[in-house]
Structures are given as structure tokens and as C-alpha cells.
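We're numbering straight along the sequence, starting at 1.
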Amino acid sequence: GLQAQETQTLLNTAEQSKVSYRVFGGPLAFATDINNALGICIGGKGGAIINESLALGGLGFGMVNPLEFAGSNLSDEENTPLEMTFGAGGLFFEYIFNYGDRFEISVPLNLMAGGIHVNEPGSVSKVESTTFFIVEPGINIDVKISEFYSQSFFVSYRQAIGSSLINVDAADISGLNVGLMFKFGG
């Protein structure tokens, strides 16, 4: 009796300590509010889902449409045409509320390093550039299409910290993102 109970308890403890892993990844595209304009970004995201509730991994993207604006060329003109490019990459941590359901809801936190380059249109010479830190909370809704594919819709807010640009400050870089991820695996 007692030895059988101890053996059963050991087996139950061993069963409970199993950790499950699944990997996922795919391309993403989103629209973003940056410097009072609409930026279009493409990139990718991939990682591992641990115990059907916590995902972690990496992501990166770049803005495909350089944004034009008027600003200082930092030498002789204060109201000159300029354009900016933007990209970022880093890590994400994500909590999944209802893993395996047809509609999954999750809340990611992206921690990234970003970069912006400002130059005069048509010129390769840089007017200014900066790197900065990004904290980006969000919400995802994944629609499970098949066992290995989900269509993910997301909204997030990019908070930029530490920009050293003269023409574009951290508040101009910070903004709302709305997009899609084509998610394979998981």
C-alpha cells in the first residue's frame, strides 16, 4: 500500500515536470505611425512556445518607404527636404492566454534596438543618424487556419527611448503599429 502510493506520487511528479516546446516563425508586415507619417514595414519573427503559454524569440523589420519631411541639414539650411529610413530588431516575450483554440489571444513585449538615418533625398550622404532602445507592448489575435498555419493580426505601440537626432525626437519615433504575421509552426 504505502510503497505503491510513493511510487505513484513519484510518477505523478515526473509527469508534471515535463516541459513542452514548439517552434514558429514567419514574415510580418505592418503600417506604423512615425514622424507624423505612415511607414510600411516588413520583417520576420520566430521563436519557441514553452508549455503552451510563454513564447520567446527574435524579431526584426525595416521600413520599405523612406519618409520625406522638411528639416535642418545641420549645416546651412533650416527648411530643406529630408528623408528618413528606419529599422529595428531584438527579442520578444509573449504570454498566450488560450493556446490551441481557433482564436488565440496573446500579449507580446518586444525589446529592440532601432536605427534611423536621415539624408537629403537622392543623396547617399548622411545628415544624421541614431540608434535607440524600443519598448513595444501589444496584443495579437491568431486565427488558426490549419495545424501548422495561423493568420496573426496585431496592434502594438512603439516607445522609443534615447534618440539623439536633431530633426526627429523620441516622441516622433514612437507610434502605433497595426499589422499581420503569416505564422508557420507552433
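The aromatic ring centres of Phe24 and Phe148 sit 6.0 Å or more apart.
For the atom pair CG of Asn35 and CD1 of Ile173, the computed distance is 8.0 Å after rounding to the nearest 0.5 Å. One finds the CD atom of Glu68 at 11.5 Å from the CD atom of Glu120 (value rounded to the nearest 0.5 Å). Expressed to the nearest 0.5 Å, how far CE of Met112 lies from CD1 of Ile134 amounts to 4.5 Å. Taking CD of Glu136 as the start and OG1 of Thr32 as the end, the distance is 7.5 Å to the nearest 0.5 Å. Here Leu176 contributes atom CG and Ile34 contributes atom CD1; the two are 12.5 Å apart, rounded to the nearest 0.5 Å.
Residues Phe154 and Leu180 share a closest heavy-atom pair of CE2-N, 3.5 Å. Of all heavy-atom pairs spanning Ser72 and Leu82, the tightest one is O-CD1, 3.5 Å. Between Pro81 and Pro121 the shortest heavy-atom distance is O-CD, 3.2 Å. What you find for Met181 and Gly26 is that their closest heavy atoms are CE-N, 3.5 Å.
Counting only N and O atoms by type, the side chains of Asn140 and Ser152 include no donor and acceptor under 3.5 Å apart. Using modelled atom types, one finds no donor on one side chain facing an acceptor on the other under 3.5 Å when comparing Asn51 with Ser53.
Under the 6.0 Å distance and 45° angle rule, Lys45 counts as a cation-pi partner of Phe92.
Between the side chain of Asn167 and the backbone N or O of Val118 there is no donor-acceptor pair closer than 3.5 Å.
The number of heavy-atom neighbours closer than 6.0 Å to CD1 of Ile42, taken from other residues, nucleotides and ligands shown, is 12 or below.
By the 30° and 60° cut-offs, the orientation of the rings of Phe184 relative to Tyr149 is tilted.
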